[in-house]
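Contents: one structure, followed by commentary.
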Amino acid sequence: MQQKKEVKKKKAFQLVKGMRDILPEEQRYWDFLRDLINKIAKTYGFSRLDTPLVEAADLFVRGIGQVTDIVEKEMYAFVDQGGDHLALRPEGTAGLARAYVEHGMHNLPQPVKLFYFGPMFRHDKPQTGRYRQHWQFGFEILGEADPIVDAQVILVAYKIYQSLNLPVNIQINSIGCPGCRPDYENELKDYFKKHKNRLSELSQHRLLKNPLRILDSKEKEDLPIIADAPQQIDFLCEDCRNHFMLLFEYLDDLGIPYALNPTIVRGLDYYGRTTFEIWTAEEEENSPREAGGEAGRLTDSAGRQSALGGGGRYDGLVELLGGNPTPAVGFAGGVERLIAQMKEKDIKVPEREKPEIFLAQLGSEARKKALVLFEELKEAGLAVSENLSKSGLKVQLENADKQKVKFTLILGQKEIVDGTIMIRDMENGIQEVVDFTKVVAEVKKRLEKSNVK
Ligand code: AMP
């Protein structure tokens, strides 16, 4: 007796921690959102700009700021074979601003309106709704200082969620400009110093380096201290105050619900003046929330809050990256979180195109002929599906049944000899033999009839 040789199965590879596959059944959400973002971009005059996933690490260190979670802890930075210090992009704005400078877009009529849709990488603690590769769509307006463009960016963000019937609320703040922020930061530092012992460890660390970020803390022990902290709005210079007030007027005119929230400071150094986040809102509530209200912000499995999207003004970034002084404002939304919300709220997206016809074959001659016929049916614009690799008729018919097609075309040995093909109506089981050369026209005729019914 021959002995069976034992083959040891190799250990199967698994996803890298924090990464996820987007499986075929989820793709319709992605297709739908890509279409929606493209449509909204077209309506509001934004052009698409794709930047590479890899940039000089220094672009983010300089642009986002050294003392930020992203640069300190989360950036995928590496030295490549040529010795260059590179990073996988953790967000979209810095690369986009680099491209604006590099391609001389300041020579174009201003403002320049750009959008993107692509993956970002952050070595964050992975959990539900928080991945190490996640996707963002973003809208940016460069070359205009007037708050009317802040309002327009917020409007575009709002429209995306509103068009999905997803109730959202804009949480808005102003973090002032380099002129008025230092006074506020000093005041804030003094205040937090007084409460230092009660602050979380993370906030104590931030107190030394970036006290504004304490306002962004989600640590429980920090919240009551943050609630009584001095607010930037009381320290805004006249220009920043006017900018903020005018923005409110525009948002009121547009009927966009927003809430003033002094804790929205955003994590990145390049922001100034307007900062905002998009939170989910309960369906019945369309009125502005109280300042600092936490309801509506999504919570992840660790109890940390996270927004659907966020953005703000970054007037200093382009200059910081070597360009001319260029005021700018933008917004980015998370795709995975939006899809999770759509599923939770049972927001329907169109099914992917379903086949209406199945092409079955039996025997090697029929299989050859079916291969060519499949192309003819496709070229005629018909939604057709097949299982050409299968030789049994039963399994093919079961497949046709599962796909709920309207008609199945059957090409067997007899049909090959006769120059015919069988059309089976899947609804009533009636089978008809037609001339092979007329099959495309015959199928079209039957489909039209069944669609009118
Ligand atoms: P941020 O620049 O951090 O405000 O990110 C913009 C949006 O991207 C957030 O509001 C989230 O919706 C989404 N986002 C950020 N980080 C992650 C992550 N690690 N996983 C999934 N989505 C994320």
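Both counts, for ligands and for their atoms, begin at 1 and track the order of listing.
- Each of Phe139, Phe137, Phe331, Tyr44 was scored for a ring-ring contact (aromatic ring centres under 6.0 Å, His included) with Phe115, with one residue passing: Phe139.
- Between Ser385 and Gln403, the side chains place a donor N or O and an acceptor N or O closer than 3.5 Å (distance only, hydrogens not considered).
- Taking the six-membered ring for Trp and thresholds of 30 and 60 degrees, Phe235 and Tyr184 have ring planes inclined between 30 and 60 degrees apart.
- Considering each of Ala307, Gly138, Gly310, the one bringing a non-hydrogen atom nearest atom 10 (O) of ligand 1 is Ala307.
- Although no hydrogens or angles enter the test, the distance criterion places no donor-acceptor pair under 3.5 Å between the side chain of Arg206 and the main chain of Pro211.
- Residue Glu277 does not touch ligand 1, judged by heavy-atom distances below 4.0 Å.
- Contact atoms of ligand 1 toward Gly309: 10 (O) (distance under 4.0 Å to a heavy atom of the residue).
- Ligand 1 is approached by Arg130 to a heavy-atom distance shorter than 4.0 Å.
- Arg34 forms a cation-pi arrangement with Trp135, by the criterion of a distance under 6.0 Å to the ring centre and an angle within 45° of the ring axis.
- Put simply, the side chain of Ser163 gets close to the backbone of Ile160: a donor and an acceptor are under 3.5 Å apart.
- Residue-ligand proximity, Tyr131 to ligand 1, at heavy-atom distances under 4.0 Å covers atoms 18 (C), 19 (N), 20 (N), 21 (C).
- Contact atoms of ligand 1 toward Arg122: 1 (P), 2 (O), 3 (O), 5 (O), 15 (C), 16 (N) (distance under 4.0 Å to a heavy atom of the residue).
- Under a 4.0 angstrom heavy-atom cut-off, Arg266 registers as being in contact with ligand 1.
- Residue-level proximity to ligand 1 for Leu308 is carried by the backbone, the only part with a heavy atom below 4.0 angstrom.
- A donor-acceptor pair under 3.5 Å links the side-chain atoms of Arg181 to the main chain of Ile175, judged by distance alone.
- Short contacts between ligand 1 and Gly129, defined as distances under 4.0 Å to a heavy atom of the residue, involve ligand atoms 20 (N), 21 (C), 22 (N).
- Looking at Glu336 against ligand 1, nothing comes within 4.0 Å, counting heavy atoms.
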